[in-house]
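Everything quoted here is computed from the prediction, not taken from an experiment.
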Amino acid sequence: MKIRLLGGAGEVGRLAVLIKTASNGILLDYGVSFDANDKPVFPLHVRPRDLTATFLSHAHLDHSGGLPSLYVSTKTPLYSTPLTMELSDLMYTDAIKLSGYYLPYTLEEVRETMSSAVPLTYGEPVEIGRDAVITVYNAGHIPGSAISVIEVEGYVVVFTGDFNTVDSNLLRGADLYNIPKNPDVVIMEATYASTDHPPRERLEREFVQSVKEVLEGGGSVLIPSFALGRAQEILLTLVKHGIDAYPIYVDGLARQINQIVGRYPHLLKDPDLYKKALEISIEVPNAYVRKGAVEEPSVIITPAGMLKGGAALFYFKKMAQNKKNGIFLPSFQAPNTPGFQILSKGYAFLDGTTIKVEARLEWFDFSAHAGRRELEEFVKRFTPETRIILVHTDPLTAAPFIRRLAKEGYDNIYLPTALGEEVFLSKKFS
C-alpha cells in the first residue's frame with residue numbers, strides 16, 4: 001500500500017491524501033488554501049479515473065474546497081455524512097460567488113459532486129471501492145465531521161481529518177471508543193501540536209465576563225467568527241450564560257449554516273440549547289437591520305473570522321473607534337490578515353484607510369481542534385507497531401511534539417514536509 005501526500009504535508013491547509021493499493025485509489029479530502037491575494041491554492045493533481053472512492057471528513061474548505069474540480073468528467077463515489085454534504089454545497093456556492101474567477105469549477109461541477117455523494121452514518125460500515133470498507137465516527141470538530149476507519153485489502157487505516165476530543169457547547173468530543181488500537185497506519189492532523197488550549201470552563205467564564213462588561217457599559221460587542229462551527233459555538237455560549245437579555249444578531253453565511261445544522265439535532269450535544277439559541281438570536285437579512293444592530297447595546301456574530309471581508313468589515317468600521325464597544329476575536333488569526341494586524345498593532349488598513357482600534361480588543365481561544373495534550377493522548381492510544389503520519393501542521397510546530405513522544409518510546413511518528421511524499425507499507429500475508 002502506498003500513501004501519497006497531495007496536500008497538507010508540512011503545512012496547515014489544503015489537505016489531500018491518496019491511498020493507493022493493488023485495486024483501489026482512495027482519496028481522503030481534497031482541500032484548498034488561499035494565498036495573500038485570496039487566490040486559491042490546490043493540492044497536487046490526481047486523475048479522477050484513478051480513484052475508486054473519495055472520502056470527505058468535513059465541510060471546511062481547507063479539506064473540501066478542491067473536490068468539485070475532480071467531478072468535471074467522472075463521478076467517483078463520494079462518501080461523507082449527509083450534513084457534511086449539505087454544508088459543503090453551501091460553502092461551494094459561497095466560494096464561487098466570492099472567488100469564482102479563480103476556481104476551476106462552476107455550479108455545474110458542484111451539482112455533479114453532490115449527485116455523487118453516498119451518505120455515511122456514524123458507526124455503520126459501508127463497502128467502498130474493491131475489497132474496502134469504511135466506518136466513520138464523530139470527530140468533534142464541526143457538525144457532521146468524521147474520523148474514518150478504512151479497511152482495504154488487508155490493511156487498516158485511521159484518518160482523523162480535523163478532530164477535537166474535548167466537549168464544546170455545540171458538540172461532544174470525538175468518539176474514540178470504537179477506533180481500533182492497532183491499525184497499520186494513522187493519518188492525523190496536528191495543527192496545535194505545540195499549544196495547549198485553555199480549560200473550557202475558564203475560557204467561557206472569561207469570555208462571558210468580558211462581554212457583560214462591555215454591554216453593561218453601554219457598548220456593543222462585535223465577534224467576527226468563522227461561519228461554520230465557530231459562529232454556532234459562540235452563539236450557544238452566549239445563550240447558555242444568559243447573555244440573551246441583550247439582542248444577539250447573526251449575520252452573513254452563519255445564518256444559513258445555523259438553519260442547516262438545526263435540521264440535525266441528533267448530532268448536537270444539547271439540541272434544546274441549540275433550538276433556544278436559534279429562537280433568541282436575530283438574523284440580519286439586509287442593510288437596514290445591519291445598520292440598526294449597531295445603534296443599541298448588542299452582540300453581533302458575523303463572518304469573516306479574520307476580518308478579511310464580509311459583513312464583519314461593515315461593523316468593524318462603525319464600531320472600532322468607540323471606546324465603549326468591544327471587538328472580540330474567537331478564532332485563529334493568520335498573518336497578513338486584518339484580524340492579525342489589529343491584534344499585533346492595534347489598527348487595520350482597510351480600503352485605503354488606517355482605522356485605529358479604540359474599542360476593547362480581546363482574543364479568545366475557542367479552537368475546535370485537539371490541543372497538544374489531547375494529540376499526545378491520541379497517539380498513545382495505539383500500539384508501537386502502528387505508523388503515525390502527521391499532516392495539517394508545520395515542521396516547527398510538530399518537531400518538538402515528535403521529539404517529546406520519541407523520548408517516551410513512541411518512535412513510530414513520521415512528518416512529511418513536501419507535497420508528493422510517499423509512505424509505503426509492505427503487503428501483509430495472513
Side-chain angles (χ1 to χ4, degrees), residues 34 36-38 98 203-204 206-235 237-238 241 243-255 281-367:
F34 292 87
N37 297 314
D38 278 341
L98 297 176
L203 171 68
E204 289 185 26
E206 293 174 353
F207 171 71
V208 169
Q209 181 61 32
S210 294
V211 171
K212 285 182 177 179
E213 288 172 0
V214 172
L215 293 171
E216 291 170 358
S220 292
V221 181
L222 173 63
I223 309 178
S225 301
F226 299 143
L228 174 50
R230 196 59 42 82
Q232 293 75 42
E233 176 66 18
I234 293 300
L235 175 59
T237 301
L238 293 169
H241 291 277
I243 302 297
D244 49 292
Y246 293 85
I248 303 175
Y249 291 93
V250 179
D251 205 336
L253 194 66
R255 296 177 296 128
S281 59
I282 304 167
E283 292 191 352
V284 180
N286 52 47
Y288 177 78
V289 178
R290 187 170 295 136
K291 182 180 178 182
V294 298
E295 295 178 352
E296 59 178 335
S298 61
V299 180
I300 302 164
I301 304 169
T302 180
M306 300 182 193
L307 286 169
K308 291 178 69 175
L313 288 184
F314 167 84
Y315 295 114
F316 177 77
K317 293 173 183 177
K318 292 284 186 180
M319 297 171 61
Q321 295 178 300
N322 186 336
K323 292 182 178 180
K324 285 188 175 183
N325 294 330
I327 298 174
F328 296 165
L329 301 169
S331 308
F332 169 75
Q333 303 297 314
N336 301 316
T337 63
F340 183 87
Q341 188 176 36
I342 67 169
L343 282 177
S344 59
K345 299 180 180 179
Y347 64 86
F349 188 71
L350 300 169
D351 299 329
T353 303
T354 299
I355 300 176
K356 186 178 180 182
V357 179
E358 300 287 352
R360 178 171 174 175
L361 179 63
E362 295 193 40
W363 177 78
F364 295 92
D365 184 5
F366 274 92
S367 177

Minimum heavy-atom distance between [X] and [Y], given as atom pair plus value:
X	Y	value
Leu329	Gly339	CD1-O, 3.9 Å
Glu283	Val289	O-CG1, 4.1 Å
Lys291	Glu295	O-CG, 3.5 Å
Val299	Val211	CG2-CG1, 4.0 Å

Problem - Residues that Glu358 engages under side-chain hydrogen bond (donor to acceptor under 3.5 Å, both in side chains), provided they are two or more places apart - result: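 With neighbours one apart ignored, the set is empty.
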Exercise for the section: State which residues pass side-chain hydrogen bond (donor to acceptor under 3.5 Å, both in side chains) with Asn322; sequence neighbours excluded, sorted by chain then number. Expected result: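 Listed in chain order: nothing, the list is empty.
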Distance check, rounded to the nearest 0.5 Å: [X] atom [atom1] versus [Y] atom [atom2]?
X	Y	atom1	atom2	value
Arg290	Tyr249	CZ	OH	12.5 Å
Gln232	Ser281	CD	OG	10.0 Å
Thr237	Ile243	OG1	CD1	10.5 Å
Arg255	Ile282	CZ	CD1	13.5 Å

Contacts table for residues 300-319: side-chain donor-acceptor under 3.5 angstrom, sequence neighbours left out:
from, atom 1, to, atom 2, distance (Å)
Lys308, NZ, Asp38, OD1, 2.7
Tyr315, OH, Asp251, OD2, 2.7
Lys317, NZ, Asp351, OD2, 2.3

Handout entry: Partner set under salt bridge (Lys or Arg N to Asp or Glu O under 4.0 Å) for Glu233, not counting sequence neighbours
Key = Arg200
Handout entry: Set of residues satisfying salt bridge (Lys or Arg N to Asp or Glu O under 4.0 Å) with respect to Glu206, sequence neighbours excluded
Key = Arg202
Handout entry: Side-chain touch Phe207/Ile234, heavy atoms, less than 4.5 angstrom
Key = yes
Exercise for the section: May I ask you to test the Lys324-Pro297 pair for a side-chain heavy-atom distance under 4.5 Å? Expected result: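 No. Closest side-chain heavy atoms not under 4.5 Å.
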Problem - Counterpart residues, side chain to side chain contact (heavy atoms under 4.5 Å, CB included), relative to Thr353 (two or more places apart) - result: Ile355
Problem - All side chain to side chain contact (heavy atoms under 4.5 Å, CB included) counterparts of Lys345, not counting sequence neighbours - result: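 Residues passing side chain to side chain contact (heavy atoms under 4.5 Å, CB included) with Lys345: Gln341, Tyr347.
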Show me the donor-acceptor pairs within less than 3.5 Å that the side chains of residues 216-231 make with the rest of the protein, sequence neighbours left out.
from, atom 1, to, atom 2, distance (Å)
Ser220, OG, Glu296, O, 2.7
Ser220, OG, Ser298, N, 3.1
Ser225, OG, Ile223, O, 3.2
Arg230, NE, Phe366, O, 3.0
Arg230, NH1, Pro330, O, 2.9
Arg230, NH1, Ser331, OG, 3.4
Arg230, NH1, Phe366, O, 3.4
Arg230, NH2, Phe366, O, 3.3

Practice task
Check whether any side-chain N or O of Ser344 sits under 3.5 Å from a backbone N or O of Phe340 as a donor-acceptor pair, and report yes or no.
Solution key: yes
Practice task
Sequence neighbours left out, what passes ring-ring contact (aromatic ring centres under 6.0 Å, His included) with Phe34? Give chain and number order.
Solution key: none
